Amino acid sequence: MTKPNTEELQRIFNQFDVKNTQSEQRNNEQEHGRATGSNDSTNTSSSSTTTTTTTTEPLPSLTSQENQRRPSLAEIKRTAEETKRRERQEIPFDFNRFLEQMRRRSATPITRYFKSFLQAFDRRPWAVNEQIKIIQDFLDFIYIKMRECEVWRNASDQEFENAKEGMEKLVMNRLYYATFTPSTTDDKERDEILHQKISIFRWIRAEHLDIHDTVDNEHFLVFAESELLKINNYKAPRDKLICILNCCKVIFGLIRHVDGEGGADKFLPILIYVILRANPPKLVSNVQ
């Protein structure tokens with residue numbers, strides 16, 4: 001079992017160290033200068049040889065290439081059936097299964113990288129833009145290591161996408177304390193201000209937004225509110241987005257129930273009305 005290389009992981013954090021960044025830039029400029037000098041000499045020598053050995057060959061006819069690449073009707077149908085079969089066999093995301101995979105002995109290097117990342121992240125507070133860059137760089141880094149790991153080496157594309165979703169959720173769950181309303185921002189104050197401003201507009205009713213009033217409106221609106229309010233029950237961005245998506249699905253269900261069809265001109269007023277009614281806490285922090 002290979003031991004994780006912590007130097008690779010440390011580069012993610014060192015990019016915000018001014019001294020390290022400047023030294024890396026100087027090294028890169030020196031290497032680039034040496035490489036440019038060598039390339040110039042090789043290009044001058046190779047240009048003379050390539051000009052003397054250039055020969056013209058007849059290009060294959062375009063029609064013959066098109067005929068060779070043109071699929072038959074049977075192949076098109078077969079491809080369509082295979083696509084439908086893959087869609088039916090789509091594997092749902094299962095976070096518990098991902099946690100079970102992470103507990104396997106063969107996944108130990110991934111676990112060590114993950115724990116080392118958490119320890120390095122805690123060494124000092126990071127600005128929001130630094131947090132975003134560090135987390136995304138780590139995810140890009142760990143996805144490569146996961147693909148090389150025995151657990152996911154032979155996994156299908158869909159299975160590996162689920163594993164990537166699981167890793168992102170695991171990271172954000174562990175860093176929730178630092179990334180949600182971080183101390184380096186004024187998100188908490190903005191949350192309170194927005195919550196108070198939304199409460200001022202509680203007097204607004206459906207007719208004020210040209211929303212068709214039916215006997216079933218209240219049932220759909222309460223359901224949409226409950227889905228939106230669930231956003232504070234979850235930590236991972238994926239789960240928060242699902243709450244918003246479910247709220248939007250309920251709104252579109254109301255539009256289809258009332259009008260049979262819908263668009264942005266009908267959807268947006270209902271979404272605004274649901275937000276005014278629900279007035280979800282920490283709305284700014286959730287969006288951020």
Side-chain angles (χ1 to χ4, degrees), residues 73 76-98 156-166 168-169 172-173 176 180 187 190-191 193-288:
L73 180 60
I76 296 175
K77 290 182 177 179
R78 192 181 308 114
T79 302
E81 291 175 356
E82 291 177 354
T83 303
K84 292 180 180 179
R85 192 182 306 112
R86 285 196 299 268
E87 291 176 351
R88 288 194 299 266
Q89 295 176 349
E90 184 175 353
I91 303 172
F93 173 70
D94 187 349
F95 186 57
N96 291 327
R97 171 174 169 76
F98 172 75
S156 64
D157 292 341
Q158 181 63 48
E159 290 174 334
F160 191 65
E161 284 298 321
N162 288 344
K164 290 166 63 176
E165 291 281 358
E168 180 183 357
K169 181 174 180 177
M172 297 310 300
N173 282 347
Y176 181 79
F180 193 78
D187 288 350
R190 294 166 65 193
D191 283 331
I193 294 173
L194 181 60
H195 190 75
Q196 293 174 1
K197 287 186 176 180
I198 291 178
S199 63
I200 297 175
F201 296 96
R202 285 186 175 179
W203 56 271
I204 292 179
R205 296 294 177 263
E207 56 269 20
H208 298 135
L209 297 173
D210 294 330
I211 299 173
H212 294 168
D213 191 12
T214 67
V215 294
D216 297 321
N217 274 26
E218 189 64 19
H219 172 72
F220 280 95
L221 292 174
V222 171
F223 190 17
E225 288 177 44
S226 64
E227 291 298 323
L228 184 60
L229 289 172
K230 290 178 182 178
I231 195 172
N232 287 309
N233 297 339
Y234 300 96
K235 299 179 179 179
R238 180 182 187 275
D239 296 332
K240 292 180 179 292
L241 287 174
I242 290 176
C243 294
I244 298 174
L245 179 61
N246 289 339
C247 173
C248 295
K249 287 181 178 179
V250 175
I251 293 175
F252 277 115
L254 173 60
I255 295 173
R256 287 193 299 268
H257 180 74
V258 175
D259 299 320
E261 59 181 9
D265 55 337
K266 296 179 181 179
F267 170 80
L268 188 58
I270 301 178
L271 177 62
I272 294 173
Y273 189 44
V274 169
I275 294 175
L276 293 177
R277 284 171 52 117
N279 196 3
K282 304 177 182 179
L283 186 58
V284 173
S285 297
N286 280 297
V287 172
Q288 293 295 338

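Sequence positions, counted from 1, serve as the residue numbers for this chain. Source: prediction; values computed, not measured.
Ring geometry for F223 versus H219: interplanar angle of 30 to 60°, hence tilted. Using cut-offs of 30° and 60° on the angle between ring planes, the pair H257 and F220 is tilted.
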Fill in: Verdict with reasoning, D94 to N162, per side-chain hydrogen bond (donor to acceptor under 3.5 Å, both in side chains)
CA-CA 7 Å; D94 187 349; N162 288 344; over 6 Å; no

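With rounding to the nearest 0.5 angstrom, the CG atom of L254 is 8.5 Å from the CG atom of D216. One finds the CZ atom of R256 at 10.0 Å from the NZ atom of K249 (value rounded to the nearest 0.5 Å). Here the CG-NZ distance, from D157 to K164, works out to 9.5 Å after rounding to the nearest 0.5 Å. Taking NE2 from H208 and CD1 from I272, the interatomic distance works out to 14.5 Å, rounded to the nearest 0.5 Å. From F267, atom CZ reaches atom CD1 of I255 across 7.0 Å, with rounding to the nearest 0.5 Å. From L245, atom CG reaches atom CG of D239 across 12.0 Å, with rounding to the nearest 0.5 Å.
In this structure the side chain of V274 reaches within 4.5 angstrom of the side chain of C247, judged on heavy atoms. For the pair P281/N232, a side-chain contact is recorded, criterion being any heavy-atom separation below 4.5 Å from C-beta on. Counting heavy atoms from C-beta outward, F98 and K169 have side chains that stay 4.5 Å or more apart. Proximity of E161 to F93: side-chain heavy atoms (C-beta onward) are nowhere separated by under 4.5 Å. You'll find the side chain of I270 reaches within 4.5 Å of the side chain of L221, heavy atoms only. The shortest side-chain heavy-atom distance between N286 and I244 does not fall under the 4.5 Å cut-off. Side chains of E227 and C243 form no contact here, defined as non-hydrogen atoms less than 4.5 Å apart.
For K235 and N173, the side-chain atoms include no donor-acceptor pair closer than 3.5 Å.
By the 4.0 Å N-to-carboxylate-O rule, R238 lies too far from E168 to be salt-bridged with it.
Legend: side chain to side chain donor-acceptor pair (under 3.5 Å) pairs involving residues 193-204, not counting sequence neighbours, sorted by first then second residue: H195-N279.
The environment of CZ in R277 is crowded: more than 12 heavy-atom neighbours from other residues, nucleotides or ligands sit within 6.0 Å. Counted within 6.0 Å of OH on Y176, heavy atoms from surrounding residues, nucleotides or ligands total more than 12; the atom is thus considered enclosed.
Considering every non-hydrogen atom in both I275 and L283, the closest pair reads CG2-CD2, 4.4 Å. Minimum interatomic distance between K240 and Y234 (heavy atoms only, all atoms of both residues): NZ-O, 2.8 Å. The two atoms that bring P280 and L228 nearest to each other are CG-CD2, 4.2 Å, heavy atoms only.
Side-chain N or O atoms of D191 include one that pairs as donor or acceptor with a backbone N or O of S285 at under 3.5 Å.
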